[in-house]
Enquirer: 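Structure in structure tokens, see below.
All chains are named by letter (A, B, ...) in the order of the sequence lines, taking the proteins before the strands, and each is independently numbered beginning at 1. In this text, all values refer to a predicted model and were calculated from it rather than measured experimentally.
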Amino acid sequence: MNIIAEPQNEIKKERPKMRYLETDRPATPFAREHIKTVGAITVDSPRITCRNVNVYYGTKQAIDDVSLDIGRNAVIALIGPSGCGKSTFIRCLNRMNDTVIGCRVSGRIGIDEQNIYDPQMDVVLLRAQVGMVFQKPNPFPKSIYDNIAYGPRIHGLAANKLELDEIVETSLRKAGLWDEVKDNLAHPGTGLSGGQQQRLCIARTIAVGPEVILMDEPCSALDPIATARIEQLIDELREQFTIVIVTHSMQQAARVSQRTAYFHLGKLVEVGETAQLFTNPMHQLTEDYITGRFG
Amino acid sequence: MQRTTLLLTLFLMAAAAFYAGSRRSLDIVRGHTRELHSLPSYYGYFTALWCGLPALLIMGLWLAFETSIITHLVIAELPPAMQSLPDERINLIVNDIRNQVGGSAFAGESDPLIQAAAARYQRLKDISAKALTVVVLAVAIAGATFARQRIRKEQRARNMVESATVVFLIVCSTIAIFTTIGIVLSVLFESIQFFERVPVTDFLFGLHWSPQMAIRADQVGSSGAFGAVPLFTGTLLISAIAMLVAVPIGLMAAIYLSEYAAPKFRATAKPALEILAGIPTVVYGFFAALVVAPFIRDLGMQVGLSVSSESALAAGLVMGIMIIPFVSSLSDDVINAVPQALRDGAYALGATQSEAVRHVIIPAALPGIVGAILLAASRAIGETMIVVMAAGLSANLTANPLEAVTTVTVQIVTLLVGDQEFDSPKTLAAFALGLVLFVATLILNVIALYIVRRYREQYE
């Protein structure tokens, strides 16, 4: 018989169970129906206006009566504990929730006075106008060049190869990736590092020429250096685009955004200038969250 | 003792050894299981393995060599005159002796020498059986005792049992490999015999297939022709028609089911499609022969084409229907396995559903789809029953799908059906055809692997 001696390495100790300490609980319990939005939901000349938006997954209500304006050439950060509806909300803005079976949206979301849930609305054109970057980098299994050129190709944005080359280059430049990839545009996009892939996805979104860029936790799968790079990029992109970013990191929200909206249990609790919201929150729930008392 | 009884006893002893081993381990630590390195049952398995494995091994070796050793001993006892006979004669004598032992020979007809040898043979067999029983049981007891004595509380019985399991798994995994090698070798040797009589070039490049062999020298039409090209073209033609039917339909069905269909529809349609794969091919065969072939012939007549009542088209169409589920079901699975993130990425750029499917999802799923198609292709090439019934047996060299053709597999069947001599080129030709078929599917698989690997490198 073949006898292999192996070191003994089994420690069967029971781990202590995680328990919530009494102080971890929110200082003031709030039922959902008692939450009223505080702060200024409106801005001057908004790019997107949301009024009384409700979202249901089947019978479960994920977003409850949210009204919010999103300003031009500014970054708005959506923060809140997991399951608070911030990702659901951002996915309403370019109707990505259409692909989720059983998802229902009511209320009005307007982009430049055009209601995007109007039956006349062409979802394809809407998504070209409102681009989206996802939590996990999702480059297509194509070359770097084709990843960027895909959007312009399907929307017919380039008349010839020269124009397309130019779009690819400017998009990559804007995403701060050009210098790293200009010599291997034919290499697969999936071969890049995580941070590069995410910037590739941002470049891909820019290439279609959107007005709004939605970012759903764009840095949660990245290391701190790549995160810093993306945050810097977001700050640069603000000059040309309206950016909505969902983030779990309050530091990130404070660093990149001008306005911040705090979501809780599908409700918009508080919205305001980022500096003001983090230093002097008006709502008890916001204060509990940003001081780390829960979430 | 009978061998089955012996095996059963051995099994019972192993069970007893299991009990003894686990008891012993518990006794050593006086019931404090935590002090043991492994669970008590592992000490049990350890003892049982020591009891059963060496004994089984000896039994196997014993049975493998028993017959040849006894035969050798019996021959050695024969008179010298008989021993000096050529090998074939000695084999005959041995055969007689065995028949005598087995009781199938007529006692009156055999000569006393053979009878004496048979008696000796029988006696040796009895001794061998008794010795085997004693040895095996002794080894089993010795093994169990040895293992039981070795049990200590710090002994790593679990790791030892694990490594024995690994060995067992390795044996299982190699069985398939060795079986394949065995089949290939047997086909290869018979084919070499065939190629000694019919040159390889005649077989591979000859345009005429008529596998007849003369029984008498003066027989009419005595010379056979073994040019296999008509069979290859027939196989290719029918497989090509089948793939032309199955690949587009199957792929489109897969795309609809995985991307467009509502979950409810998919839950019903997919199993329904897979039922197609469960229909026996012989049923497809008579469907092809009785429904499809006459339909095609009538249709051809109406547009003024002459269609034979057994046609490659009929067989190919029905075979194509048969392999649709292979393409659709496997493709559906790989398309479903494409991450949702890729779809979201395409939709977020404003791609329509069909653009997302064509540009992103299908390319990402391509390696799997190619695999599915090639699996279907090898199924088409190996299919026999439909072709026998719907495409006929005549080896026409034609590219016209409206004529009757035949395939490699069909000819293998017809060559081997009925009473055959196993040394005539006619029969041996079947093995050569089998070899060609095997090489063809092997090449197909190699191509499939190459394509899959190439796209993997590009996409992941």
Enquirer: Tell me, side chain or backbone of B:Ala262 under 4.5 Å from chain A's heavy atoms, or both, or neither?
Expert: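 Contact with chain A is absent: no heavy atom of B:Ala262 under 4.5 Å.
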Enquirer: Return yes when atom OH of B:Tyr260 has more than 12 non-hydrogen atoms of other residues, nucleotides or ligands closer than 6.0 Å, and no otherwise.
Expert: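 It does: B:Tyr260 OH has more than 12 such atoms within range.
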Enquirer: Considering only heavy atoms, which portion of A:Arg95 lies under 4.5 Å from any heavy atom of chain B: side chain, backbone, both, or neither?
Expert: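 For A:Arg95, there is no contact with chain B at all, as no heavy atom is under 4.5 Å.
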Enquirer: At a 4.5 Å cut-off on heavy atoms, which part of A:Pro210 comes close to chain B: side chain, backbone, both, or neither?
Expert: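 Neither part.
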Enquirer: Only pairs of heavy atoms separated by less than 4.5 Å count here; which of B:His359, B:Glu154, B:Arg343 has the most with chain A?
Expert: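 Between B:His359, B:Glu154, B:Arg343, the count favours B:His359.
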Enquirer: Under a 4.5 Å heavy-atom cut-off, does chain A meet the side chain of B:Ala365, its backbone, both or neither?
Expert: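 Neither part.
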Enquirer: Take atom CG in B:Leu169; do more than 12 heavy atoms of anything else shown fall under 6.0 Å from it?
Expert: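 Yes, because the 6.0 Å sphere around CG of B:Leu169 holds more than 12 heavy atoms from other groups.
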Enquirer: Give a yes or no answer on whether the side chain of A:His155 reaches the backbone of B:Leu349 with a donor-acceptor pair at less than 3.5 Å.
Expert: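 Checked: pair present.
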Enquirer: Who among A:Lys136, A:Gln129, A:Arg204, A:Met132 has the most heavy-atom pairs with chain B under 4.5 Å?
Expert: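 Top count of heavy-atom pairs under 4.5 Å with chain B: A:Arg204.
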Enquirer: Identify the two heavy atoms, one from A:Tyr150 and one from B:Ala351, that lie closest to each other, and give their separation to 0.1 Å.
Expert: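 Smallest interatomic distance, heavy atoms only, reads OH-CB, 3.8 Å.
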Enquirer: Answer with side chain, backbone, both or neither: which region of B:Pro339 has an atom nearer than 4.5 Å to a non-hydrogen atom of chain A?
Expert: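 Contact with chain A is absent: no heavy atom of B:Pro339 under 4.5 Å.
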Enquirer: Give the minimum heavy-atom separation between A:Asn138 and B:Leu342, together with the two atoms involved.
Expert: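 Smallest interatomic distance, heavy atoms only, reads O-CD2, 3.9 Å.
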Enquirer: Would you indicate whether B:Phe65, at its atom CZ, is surrounded by more than 12 heavy atoms from other residues, nucleotides or ligands within a distance under 6.0 Å?
Expert: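 Open: at most 12 neighbouring heavy atoms sit under 6.0 Å from CZ of B:Phe65.
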Enquirer: Between atom CG of A:Asp98 and atom OH of B:Tyr347, what is the distance when rounded to the nearest 0.5 Å?
Expert: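 It is 11.0 Å, given to the nearest 0.5 Å.
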Enquirer: Under 4.5 Å heavy-atom distance to chain B, tell me which part of A:Leu126 shows up: side chain, backbone, both or neither.
Expert: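 Contact with chain B: none, neither part.
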Enquirer: Within a reach of under 6.0 Å around CZ of A:Arg153, are more than 12 heavy atoms found that belong to other residues, nucleotides or ligands?
Expert: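 Yes, CZ of A:Arg153 has more than 12 neighbouring heavy atoms, counting only those of other groups under 6.0 Å.
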Enquirer: Heavy-atom distance under 4.5 Å to chain B: side chain of A:Val123, backbone, both or neither?
Expert: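 Neither the backbone nor the side chain of A:Val123 comes within 4.5 Å of chain B.
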Enquirer: For A:Glu166, I'd like to know if atom CD has over 12 heavy atoms of other residues, nucleotides or ligands within 6.0 Å.
Expert: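 Atom CD in A:Glu166 is not packed in, count stays at 12 or less.
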